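If you're wondering where the values come from, they're calculated on a predicted model, not measured in any experiment.
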Amino acid sequence: MAIAALIIAGESIFLLPFGLARIFRPTLLDVFHVTNLELGAAYSAYGVVAIAAYLFGGLLADRFATRTMLFVALTSTAAGGLVMMAIPSSSTLAILYGYWGITTIALFWSPLIRATREWGLDFSQSRAFGLLEGGRGALAAVMASIMVFLFAALLPEDSATASLAQRTDSLRQVILLLSAITCGAALLIWFALPERKAPPRSAISLCRDARLFAMPSVWLQAAIILCAYVGFKAIDDFSLYANQVIGLNEVDAIRIGAISLWIRPVAATGAGYLAERIGAPILTVICFVLLAVGSSVLASGFVGAGMAWAFVLTIIFTCVGIFGLRGLYFAIMQDGGIPLEQTGFAVGLLSVIGYAPDIFMGPLMGYLLDRSPGAAGHNHVFLVVTLFAALGLIASYLFAQLARRQARP
């Protein structure tokens, strides 16, 4: 029940800020009357707030009850859905995303990772985080399919003839559903999550936490998360790529985006269990190789108009690397020698660097897509992903070497 509650909460809280735009990006741009750059600016507002919130939230996670923090985070995030249903202006949308940066990060992220690490004490860290990410992926895929079905059902049979008002009303219904699910996750956390195994620290010790800054494994792990997260952010472009480059209509493009999410539970859970056999650091290296190869194919322009199946196969290959990394990059904290009682602060420190793409990837993707409309803009986006994948491959190799040396008696 505990890990199930963490899985449901861990995905539900991000459905409104990210899931909606990931699946409905072409429709969202039209309904909200925003450009790719303006939507990217909203993501950037989220990222700027999140950078400060990561460290602050990490300190809170080591100090206060996990269950209470998660419950407040989920309910306050759901409340933001009511603002989004009003179809606000681009400036209000940016403020809303900044608010979500507080609710989903300062109050939620570090407590979620700490609770998962504690659950993994009875099993293994790779299994715990693999199940968390894989379970979140399964929920995301189910929710994406439900959202697509609901959205399509509310439109005329020929979706291409739907008016803007019809698409707006359909999108509002989807937002309402996501808000209700987030509230339901809050109730589940309150009743299903037990007390933490490690007692909260009675005081914040900055000197003790500062020792983490001197650990090379911390900086390498932060680099791994950053490079992997750049790949994850590029998933937002899949449905738009399918629409503008492959030539699919809006509903079929949305379905392509939803299909990519079904890879997440298989890749993340499989990575968690496989890491128990070959080691999480080594598997991290392999996943970066997959990401680098897949993104380079998309960057090359080889997959073009009418090549739907080639696009789907490339997405599958790329997503195996992306979601495998997401199931592993916090599991390697134990390999890096981070103490359990400092998990909250460590997660905050790692996340400040690792999730920096929340600040720059949205505006960068928007700029590249708007500057070079059509296939060229999408090729440039995945060229950026390829470069970061290569850097991540180097960082993961160095981390694996360091972890092996530290494991020697």
Side-chain angles (χ1 to χ4, degrees), residues 1-20 22 46 50 53-54 57-58 60-61 65-78 80-81 100-120 123 125-144 178-194 196 225 228-229 232 235 261-262 264-269 271-272 322-331 333 343-344 347-348 350-351 354-355 358:
M1 286 297 294
I3 193 65
L6 291 172
I7 287 169
I8 293 171
E11 188 58 31
S12 298
I13 199 167
F14 294 110
L15 289 174
L16 283 166
F18 296 107
L20 188 71
R22 183 165 297 128
Y46 177 96
Y54 279 121
L60 293 178
T66 300
R67 183 171 60 184
T68 302
M69 290 187 67
L70 296 181
F71 179 83
V72 173
L74 286 158
T75 52
S76 54
T77 298
W100 276 334
I102 297 172
T103 64
T104 64
I105 301 302
L107 302 178
F108 186 84
W109 185 243
S110 290
L112 174 71
I113 300 301
R114 174 161 185 147
T116 305
R117 190 179 184 190
E118 290 178 344
W119 185 89
F123 305 97
Q125 294 299 294
S126 59
R127 186 188 303 185
F129 285 98
L131 284 173
L132 176 68
E133 182 61 24
R136 289 178 61 195
L139 180 62
V142 170
M143 285 305 307
L178 299 184
S179 298
I181 290 172
T182 307
C183 282
L187 294 175
L188 181 60
I189 280 290
W190 187 258
F191 291 108
L193 194 66
R196 72 196 329 170
I225 296 172
Y229 198 59
F232 180 71
I235 291 175
L261 298 182
W262 281 103
R264 183 177 174 187
V266 178
T269 306
I322 291 172
F323 294 125
L325 286 167
R326 283 180 62 83
L328 294 170
Y329 57 44
F330 278 113
M333 280 193 292
T343 298
V347 170
L350 292 170
S351 299
Y355 292 118
D358 276 333

(message) Quick one, Leu20 and Phe14 - any side-chain contact, counting heavy atoms below 4.5 Å?
(response) no

(request) Take Tyr46 and Ile102 through the test side-chain contact (heavy atoms from CB on, under 4.5 Å) and record every step on the way to the result. (result) CA-CA 8 Å; Tyr46 177 96; Ile102 297 172; over 6 Å; no

(message) Counting C-beta onward and ignoring hydrogens, is there a side-chain heavy-atom pair between Trp119 and Leu132 closer than 4.5 Å?
(response) no

(request) Indicate the ring-plane relationship of Tyr355 and Phe330, choosing parallel, tilted or perpendicular according to the 30° and 60° boundaries. (result) tilted

(request) List the steps and the verdict of side-chain contact (heavy atoms from CB on, under 4.5 Å) for Phe129 and Ile113. (result) CA-CA 8 Å; Phe129 285 98; Ile113 300 301; 3.8 Å; yes

(message) Do Leu6 and Leu70 have side chains that approach each other closer than 4.5 Å (heavy atoms only, starting at C-beta)?
(response) yes

(request) Side-chain contact test, heavy atoms from C-beta onward, threshold under 4.5 Å: evaluate it for Leu350 versus Tyr329 and give yes or no. (result) no

(request) Quick one: list whatever passes salt bridge (charged side-chain N to carboxylate O under 4.0 Å, His left out) with Arg326, sequence neighbours left out. (result) Glu133

(request) Not counting sequence neighbours, which residues clear side-chain hydrogen bond (donor to acceptor under 3.5 Å, both in side chains) with Trp109? List them please. (result) Ser351

(request) For the pair Thr182 (side chain) and Ile13 (backbone), establish whether a donor and an acceptor sit closer than 3.5 Å, ignoring hydrogens and angles. (result) no

(request) Indicate yes or no for a side-chain donor-acceptor contact from Thr75 to the backbone of Val72 under 3.5 Å, with no hydrogens or angles considered. (result) yes

(request) With the side chain counted from C-beta on, respond yes when Ser12 and Leu139 share a heavy-atom pair under 4.5 Å apart, and no when they do not. (result) yes

